[in-house]
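Here's the structure we're looking at; comments come further down.
By convention in this document, chain letters (A, B, ...) are assigned in the order of the sequence lines, proteins followed by strands, and residues within each chain are numbered from 1. The structure presented is a predicted model; accordingly, all values stated were derived computationally and were not measured.
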Amino acid sequence: MSSLKVYNSYTRHKDVFEPITPGHVGIYVCGPTVSGESHLGHARPYVTFDVVYRYLMHLGYKVRYVRNITDAGHFEEEGREAEDKIATKAVIEKLEPMELVQKYTNLFHWAMHELNNLDPSIEPTATGHIIEQITMIQEIMQEGYAYEVNGSVYFDVKKFAANYNYGKLSGRILDDLLETTRDLEGQDEKRNRQDFALWKSAPPEHIMRWQSPWGEGFPGWHIECSAMATKYLGKQFDIHGGGMDLLFPHHESEIAQSTICNKHVPARYWVHNNMITVNGRKMGKSYNNQIRLTEMFSGNHPLLQKGYSPMTIRFFILQTHYRSTLDFGNDALQAAEKGLKRLWEAYDVLKKIHGGDEKPEDEALDAKVRKQLLEMDEFMNDDFHTAKVLANMFDLTPVINSIKDKHISVSAISSGTLDLLQSYFKNYLENILGLKDETSSGNDKLGGALELLIQIRKEAKGRKDYTTSDKIRNQLHELGILLKDDKDGSMSYTFA
RNA sequence: GGUCCUGUGGCCGAGUGGCUAGGCUGAGCUCUGCAAAAGCUCCUACAGCGGUUCGAAUCCGCUCGGGACCUCCA
């Protein structure tokens, strides 16, 4: 089997993955700012890195997955009135900042669980690590790469660039930045425009504020990730993940900060997911085109023809490679919904298939099935190519259904291949891709009642009493339960 | 303006220079009391124009279109 290769934004090509400590992987993913509700675009990185997390564990690594919660204020616009987003909104909503933060943190966790994302190993909050951030800022100042002005502290990018490789991750050149940085108000505190804040002095109206060596204020945006990643993963760790839109300035700034403090580029592999777009345009607050996850699930949004279940959304995301843009659309979502249903029903069928002999009756088919299963590992090793994994599973679906419908015999493939097929489907669908059954919800009483109706319908059909049998089927259909007559005379049901 | 990405069949999307993923739609057929599901077929595309090559969706150039970042952003 091949080894895992990961596209590394830092080197700009696929690198063979080798953890710093054999057997262990440290991964840091930029988490949400909990000043508002998560939208569809937010689902992408967390699903993407959930699969990365699951796959690394599948490979046998012991993984520490750190994903932060940004609950301290940022600036609406750097250099302008330093408005704490959370504080501003808190006034409007007449809520304590921490109450608001708690509300959206809870909502975020709810959405993550709906999407069947595993909890990270550690989920540190920015407000819980103010001391670590202050300490790190002090270290940067001691090294001479930060300066204080009026109670705020800025990172000296120009000096950093003179001695280190600034801009490598994002492909930025300092001179270009000088020319292209927008002319904003209140830049006078900075020595150079491209400098960024490590600590901001808090104006009186600012609610979230902490005591620091430079007076009362709050941390800059980039420092929290550097401080928390260092604390929980060390001066250098394996993977740093996030959306492509964080490449610059966020991750570039993280690299600068950590390089001064820790003498290392913080992560060896930088992994970035692409954006979800709406009509070709990035979904984000700048474009005012977000669809919240609660709206996605309920269908309560002008752009939505209907609601889409969490697994539909997860599957929709997984059907594309994570570094490609993914365009939102009702047609695409509905295609994903149907595709997932078909795949999952085949998986249910597969679980019930038994038999097969040691030697397959159809050598060619047997070989093809094995090949397609083993290829799935290759695809995952090739930069987590879930889209190709799913394509192979769809290729195998007709084989499964044909066995069920007796178009081909169980013994067409060997018992060993059948075992492999069953274990790969289970492993991939449930453990690696993190999909789950959403239909039945395990209601035993309902199941029992349906079995009874199926029994009555069978008896009616036996008497050729199609009036009764059709009545049962049609009325159940109206209730959203689909009865299917299988080839062998048995009946099964699915929830629409 | 700078840096970078991208343009694939009705829709969504894979595509490492040659063997032309996959899903969803649509059409036909088979099975079936009728349905549904399933199976089997079919519709076979690479923005345009040049170039490199025995051979290009894939490499190069130009033109046109879309987008990301440069500012909070997943």
For [X], report the nucleic acid contact type (base, sugar-phosphate, nothing); a contact means any heavy atom under 4.0 Å.
{"X": "G329(A)", "result": "nothing"}
{"X": "K461(A)", "result": "base"}
{"X": "H250(A)", "result": "nothing"}
{"X": "L326(A)", "result": "sugar-phosphate"}
{"X": "H39(A)", "result": "base"}
{"X": "M275(A)", "result": "base"}

With both distances under 3.5 Å as the test, what is the Watson-Crick or G-U wobble partner of [N]?
{"N": "G1(B)", "answer": "C70(B)"}
{"N": "C40(B)", "answer": "G28(B)"}
{"N": "A35(B)", "answer": "none"}
{"N": "C64(B)", "answer": "G7(B)"}
{"N": "A56(B)", "answer": "none"}

Would you kindly give the [atom1]-to-[atom2] distance between [X] and [N], to the nearest whole Å?
{"X": "D485(A)", "N": "C34(B)", "atom1": "CG", "atom2": "P", "answer": "11 Å"}
{"X": "K352(A)", "N": "A38(B)", "atom1": "NZ", "atom2": "P", "answer": "15 Å"}
{"X": "E337(A)", "N": "U25(B)", "atom1": "CD", "atom2": "P", "answer": "11 Å"}
{"X": "K200(A)", "N": "C72(B)", "atom1": "NZ", "atom2": "C1'", "answer": "14 Å"}
{"X": "L169(A)", "N": "C70(B)", "atom1": "CG", "atom2": "C1'", "answer": "14 Å"}
{"X": "Y28(A)", "N": "A74(B)", "atom1": "OH", "atom2": "P", "answer": "13 Å"}
{"X": "R12(A)", "N": "C5(B)", "atom1": "CZ", "atom2": "C1'", "answer": "11 Å"}
{"X": "L479(A)", "N": "A36(B)", "atom1": "CG", "atom2": "P", "answer": "19 Å"}

Please tell me if [X] has a side-chain N or O lying less than 4.0 Å from either OP1 or OP2 of [N].
{"X": "H42(A)", "N": "A74(B)", "value": "yes"}
{"X": "K282(A)", "N": "C69(B)", "value": "yes"}
{"X": "T325(A)", "N": "A68(B)", "value": "no"}

Assess the pair Y428(A) and Y55(A): is the distance between their ring centroids shorter than 6.0 Å?
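No, the ring centres sit 6.0 Å or more apart.
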Taking the six-membered ring for Trp and the full ring for Phe, Tyr or His, determine whether the centres of H272(A) and H251(A) are under 6.0 Å apart.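 Ring-ring flag for H272(A)/H251(A): true, centres closer than 6.0 Å.
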In whole Å, what separates the [atom1] atom of [N] from that of [M]?
{"N": "A47(B)", "M": "A14(B)", "atom1": "P", "result": "15 Å"}
{"N": "A45(B)", "M": "U6(B)", "atom1": "P", "result": "24 Å"}
{"N": "C70(B)", "M": "G10(B)", "atom1": "P", "result": "36 Å"}
{"N": "G15(B)", "M": "G9(B)", "atom1": "C1'", "result": "14 Å"}

Kindly indicate whether the side chain of [X] and the base of [N] share any N or O donor-acceptor pair separated by less than 3.5 Å?
{"X": "D405(A)", "N": "C40(B)", "value": "no"}
{"X": "D470(A)", "N": "G33(B)", "value": "yes"}
{"X": "R473(A)", "N": "A35(B)", "value": "yes"}

Its contact letters, B for base, S for sugar-phosphate only and - for none at protein heavy atoms under 4.0 Å, make nucleotides 18-23 of chain B read ---BSB
Nucleotide nearest [X] when distance is taken to its side chain, options [options]:
{"X": "T320(A)", "options": "G13(B), C72(B), A74(B)", "answer": "G13(B)"}
{"X": "R457(A)", "options": "A14(B), A74(B), C34(B)", "answer": "C34(B)"}
{"X": "N401(A)", "options": "G39(B), A36(B), A74(B)", "answer": "G39(B)"}
{"X": "S469(A)", "options": "G33(B), C70(B), C12(B)", "answer": "G33(B)"}

I want to check a possible cation-pi pair here: [X] against [Y], using under 6.0 Å from ring centre and within 45° of the ring axis as the test.
{"X": "R209(A)", "Y": "F218(A)", "value": "no"}
{"X": "R172(A)", "Y": "Y166(A)", "value": "no"}
{"X": "R67(A)", "Y": "F49(A)", "value": "no"}

Margin query: Regarding R370(A) and D366(A), does a basic nitrogen lie under 4.0 Å from an acidic carboxylate oxygen?
Written below: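 So R370(A) pairs with D366(A) through a salt bridge.
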Item to complete: Report the residue (G280(A) or L246(A)) whose heavy-atom-nearest nucleotide on RNA chain B is the more 5′ of the two.
Response: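 The residue whose closest nucleotide sits nearer the 5' end is G280(A).
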Legend entry - Comparing L40(A) and Y287(A) on RNA chain B - which has the more 5′ nearest nucleotide: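 Its nearest nucleotide lies further toward 5', so the answer is Y287(A).
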Q. In terms of the angle between their ring planes, are Y28(A) and F237(A) parallel, tilted or perpendicular, with boundaries placed at 30° and 60°?
A.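 Because their plane-to-plane angle lies in the 30° to 60° range, the rings of Y28(A) and F237(A) count as tilted.
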With side chain to side chain donor-acceptor pair (under 3.5 Å) as the test, would you mind laying out the steps for E37(A) and Y104(A) before giving the verdict?
CA-CA 6 Å; E37(A) 226 185 294; Y104(A) 289 121; 5.8 Å; no
At what distance, to the nearest 0.5 angstrom, does NZ of K464(A) lie from OH of Y466(A)?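 Rounded to the nearest 0.5 Å, the NZ-OH separation comes to 4.0 Å.
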Inset, instruction - Take R191(A) and D156(A) through the test side-chain contact (heavy atoms from CB on, under 4.5 Å) and record every step on the way to the result. - result: CA-CA 8 Å; R191(A) 286 182 192 165; D156(A) 191 339; 3.6 Å; yes
